[in-house]
Amino acid sequence: MTPEEREAARDRVLSDVAAGGLRVLFCGINPGLLSAATGHHFARPGNRFWPVLHLSGFTPRRLRPAEQDELLTYGLGITNVAARATARADELSAEEFREGGRILAAKVERLRPTWLAVVGITAYRTAFDERRAVIGPQERTIGGTRIWALPNPSGLNAHWTAATMAEEFGRLRAAAGLPAA
């Protein structure tokens with residue numbers, strides 16, 4: 001894909017992979033340009049979402065971004081806090097995050113997943129005005145849906161390795177009552 005093709009995807013909205021009654025609805029920050037251009041969540045090669053999902057036992061094998069719809073068969077889905085595609089998350093304003101949080105809460109009320117897993121603690125803190133939130137299960141709920149803040153799987157997040165992220169994702173999998181795949 002050329003840089004021009006990626007840039008043409010700026011501000012596009014990526015469709016959710018979601019259905020009612022999921023066990024875990026993963027929520028990214030916002031789509032990157034490659035994800036918006038391909039139509040696949042977490043499509044950037046350096047993003048560790050797909051490897052960590054497998055390492056943590058959510059999926060029996062490492063799925064490719066193009067196989068994202070298979071998540072539904074495991075009771076999993078993907079959405080985003082902010083819908084608009086950007087090259088970097090820091091291109092989004094705090095108001096976009098807060099509005100995204102309101103839209104996300106309404107979506108969760110409608111879909112009623114058991115868990116909402118926000119991948120990115122800063123995005124969670126901003127979207128839900130929870131400035132002191134830490135990685136792990138949150139006190140806040142949306143209807144009957146519990147919330148878990150996970151580390152951002154971006155390759156730019158050097159504080160977390162794939163192994164330590166997989167441990168945290170695995171804690172969520174166990175809390176959701178899902179056996180290791």
Side-chain angles (χ1 to χ4, degrees), residues 1-2 5-6 8-87 89 100-101 103-120 123-124 127 142-155 157 162 165-166 168-181:
M1 179 167 298
T2 68
E5 289 170 319
R6 280 193 302 277
R10 183 174 293 280
D11 297 327
R12 281 190 195 160
V13 174
L14 188 58
S15 296
D16 292 341
V17 176
L22 295 172
R23 297 297 286 277
V24 180
L25 178 60
F26 290 96
C27 181
I29 298 170
N30 76 308
L33 298 181
L34 185 60
S35 289
T38 63
H40 304 127
H41 293 269
F42 301 104
R44 190 167 193 76
N47 193 292
R48 298 171 289 179
F49 178 79
W50 297 105
V52 167
L53 206 60
H54 171 61
L55 289 170
S56 64
F58 273 107
T59 59
R61 65 180 178 81
R62 181 177 168 179
L63 298 176
R64 295 183 328 273
E67 298 173 306
Q68 65 188 14
D69 290 340
E70 285 187 37
L71 289 176
L72 297 173
T73 66
Y74 304 115
L76 309 173
I78 305 175
T79 189
N80 287 290
V81 173
R84 176 172 82 86
T86 61
I103 293 168
L104 178 59
K107 187 179 301 183
V108 167
E109 287 276 357
R110 188 178 77 255
L111 295 175
R112 302 166 55 121
T114 305
W115 286 92
L116 171 66
V118 181
V119 292
Y124 174 75
I142 300 172
T145 298
R146 303 266 332 262
I147 301 172
W148 197 292
L150 290 168
N152 183 343
S154 166
N157 183 2
M165 275 191 269
E168 190 62 31
F169 275 58
R171 288 181 57 220
L172 167 61
R173 181 190 47 73
L178 294 167

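Of all the heavy atoms in A9 and A37, the pair that sits closest is CB-N, 3.5 Å. N30 approaches R84 most closely through the heavy-atom pair ND2-O, 2.8 Å. Smallest separation of non-hydrogen atoms from A85 and A36: CB-CB, 3.5 Å. Closest approach of L14 and S35 over heavy atoms only: CD1-O, 3.6 Å. The nearest pair of heavy atoms linking E5 to T2 is OE1-N, 2.8 Å.
A side-chain contact (heavy atoms from CB on, under 4.5 Å) with M165 is found for one member of N152, V119, V52, L150 and no other, namely V52.
From C27, atom SG reaches atom CD1 of I78 across 10.5 Å, with rounding to the nearest 0.5 Å. Here R6 contributes atom CZ and T38 contributes atom OG1; the two are 11.0 Å apart, rounded to the nearest 0.5 Å. In this structure, CZ in F26 is found 5.5 Å from CZ in F169, a value given to the nearest 0.5 Å. In this structure, OG on S15 lies 7.0 Å from NE2 on H41, to the nearest 0.5 angstrom. Put simply, CG on L76 and CG on L53 are 6.0 Å apart, with the number rounded to the nearest 0.5 Å. The distance from atom CD of E67 to atom OG1 of T59, rounded to the nearest 0.5 Å, is 9.5 Å.
In the displayed structure, R62 atom CZ is contacted under 6.0 Å by at most 12 heavy atoms of other residues, nucleotides or ligands.
Proximity of L22 to L72: side-chain heavy atoms (C-beta onward) are separated by under 4.5 Å at one or more points. Contact check for V24 versus W148: no side-chain heavy atoms found under the 4.5 Å cut-off. Residues L178 and Y74 have side chains not in contact (no heavy-atom distance under 4.5 Å, counting atoms from C-beta outward).
Taking the six-membered ring where the residue is Trp, W50 and F42 present perpendicular rings, their angle passing 60° and hence far from 30°.
The main-chain N or O of L34 is never found under 3.5 Å from a side-chain atom of H40 such that the two would form a donor-acceptor pair. At distances below 3.5 Å, not a single donor-acceptor pair connects side-chain atoms of R44 with backbone N or O atoms of G32. Between the side chain of R23 and the backbone N or O of G75 there is no donor-acceptor pair closer than 3.5 Å.
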Mind listing the side-chain donor-acceptor pairs of residues 104-118 below 3.5 Å, one per line with the distance, residues two or more places apart or on another chain?
from, atom 1, to, atom 2, distance (Å)
K107, NZ, D16, OD2, 2.7
K107, NZ, T79, OG1, 2.8

